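Contents: one structure, followed by commentary.
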Amino acid sequence: MDFLHSGLADVQRHLAFVSVDPINWKFYVQVFSWSVTIFESYLLLRQYPLYSKTSPPEALAPHISKEDFAKSQIYGKDKAQFALFSKLFSQCVDSAMLQYGFYAWCWGAAGTILGKLGYGTDYEILQSIIFSFTMYLLSSLPTLPLSVYSTFVLEEKHGFNKTTPALFVGDLVKSWLIAFALGAPFLAAFLYIFQWAGDRFVPWLMGFMISFQLLMVILYPTVIQPLFNKLTPLSDGELRSRVESLAGKLHFPLKHLYEIDGSKRSSHSNAYFFGLPWSKHIVIFDTLMQQSKPEEVEAVLAHELGHWYYLHPTKMMAISQFHIFTILALFPAFLHAPPLLRSFDFPKHVAAKPPTIVAFLLFQMILTPLEAFISIGMNAVSRHFEWEADRFACELQDQLKEESMKDMGDRLGRALITLHVKNLSTVWVDWLYSAYHHSHPTLTERLKGLESFQAKRAKKE
Ligand SMILES: [Zn+2]
């Protein structure tokens, strides 16, 4: 542990200037965040003309009808226009909040509310919780109309929306309540660790974050998801026996197999698994089962089980721990930095002894450009995992010595095409736009990949 702390202390020495130099952090954050927004808008403008193409790529032409292609182009165009508008709108709102001292105002308002409740401002953790929720509620209001428009106008127009206004409001209230019920204790514990461990908080906080993530793995499917969707055990039949037999052959610890009423809100479709290493649950969207044949859904699950076989979720979690560690290792330099708070309009008496939550929030804003690069890296890793999972499905016949699985690649290809066509997903994709935004390879790339995996296999025989 001492080795860790001396390493961390070294980092702090290099960043010592943060706590004394009057740097104009606000200006930097404005420049950073506008740069990211302008870059993302540029990507949208690169992608936009592709929605005017009148025919699909050659590899897809046999699989997608003229009408479906035309529909997906119009849907893509509408979504791109909306994305550009909402991106610029949100950036203007965020930028104005930053410029006019919104965060400092929220901290003061939280202090006032605390006073009305009869507590002094030395209750930092309580004030931090009030601060976070005031900020969360107020800053989500300006973008609320955007989400109403997206659900009830855009998705509605293209036939995807199944959400009613009552369901929409119910979801919103529920998600606010959950954010409070989970967020308040989380935040209290998070801040308490800082108070208790002082500047040696890094290993303790890491331990706490990992435990919280594991707790969420248990709570999300059992407590949170059922508040929004209904999970019912998948009924007996061809699909159930196919999935159970596949899971059995791979020694996948399948505990429950569910069908989820994804169609309650939208007709977009999917399948996924979750759970602890010794007890897993598979969830299949009702929409996926309506759109594809059982043997195709089985191929989708073969791909999902490839993610499990290669430990992709565990690897992703390890990467995210490393990410959290880097952030925490850099943070102490920003924790006791009055000039940082002063540059974001916090009054002198607050800046003199910076509240941890405020320092952490401002620190995260400063990290915006770094986070953009990290998300590009994460997407690249995720796309690599998708390849591996597709290859896994294609090679199952060899692994399980199962003649009946020899067309798994074709079945997966057909399922992907159906998913893509029914979801009206974008067909033509700009490479830079895709590298930045996509966690999955494009459909054309995946179909080509499936073909080459199968050709390679055939050669080996
Ligand atoms: Zn996948």
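All residue numbers in this chain count up from 1 along the given sequence. All ligand and atom numbering here is 1-based and tracks the order in the structure. Predicted, not measured: the structure shown is a model, and the values here were computed from it.
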Worksheet item: Quick one: are the ring centres of Tyr310 and His312 less than 6.0 Å apart?
Response: yes

Worksheet entry | Lys NZ or Arg CZ of Lys280 over Phe274 ring: under 6.0 Å, within 45° | no

Show the atom names and distances, to 0.1 Å, of all donor-acceptor pairs under 3.5 Å that link a side chain in residues 206-214 to residues at least two apart or in another chain.
unit_1	atom_1	unit_2	atom_2	d
Ser211	OG	Gly207	O	2.7
Gln213	OE1	Gln321	NE2	2.8

Worksheet item: Listing residue and atom name, which protein N/O/S atoms are closer to the Zn ion (ligand 1) than 2.8 Å?
Response: His303 NE2, His307 NE2, Glu386 OE1, Glu386 OE2

Response to the item:
Minimal heavy-atom distance between Gly409 and Cys394, with the atoms involved, is CA-SG, 3.8 Å

Worksheet item: Quick check, are the ring centers of Tyr75 and Phe160 under 6.0 angstrom apart?
Response: yes

Worksheet item: Are Trp25 and Phe344 close enough that their ring centres sit under 6.0 Å apart?
Response: no

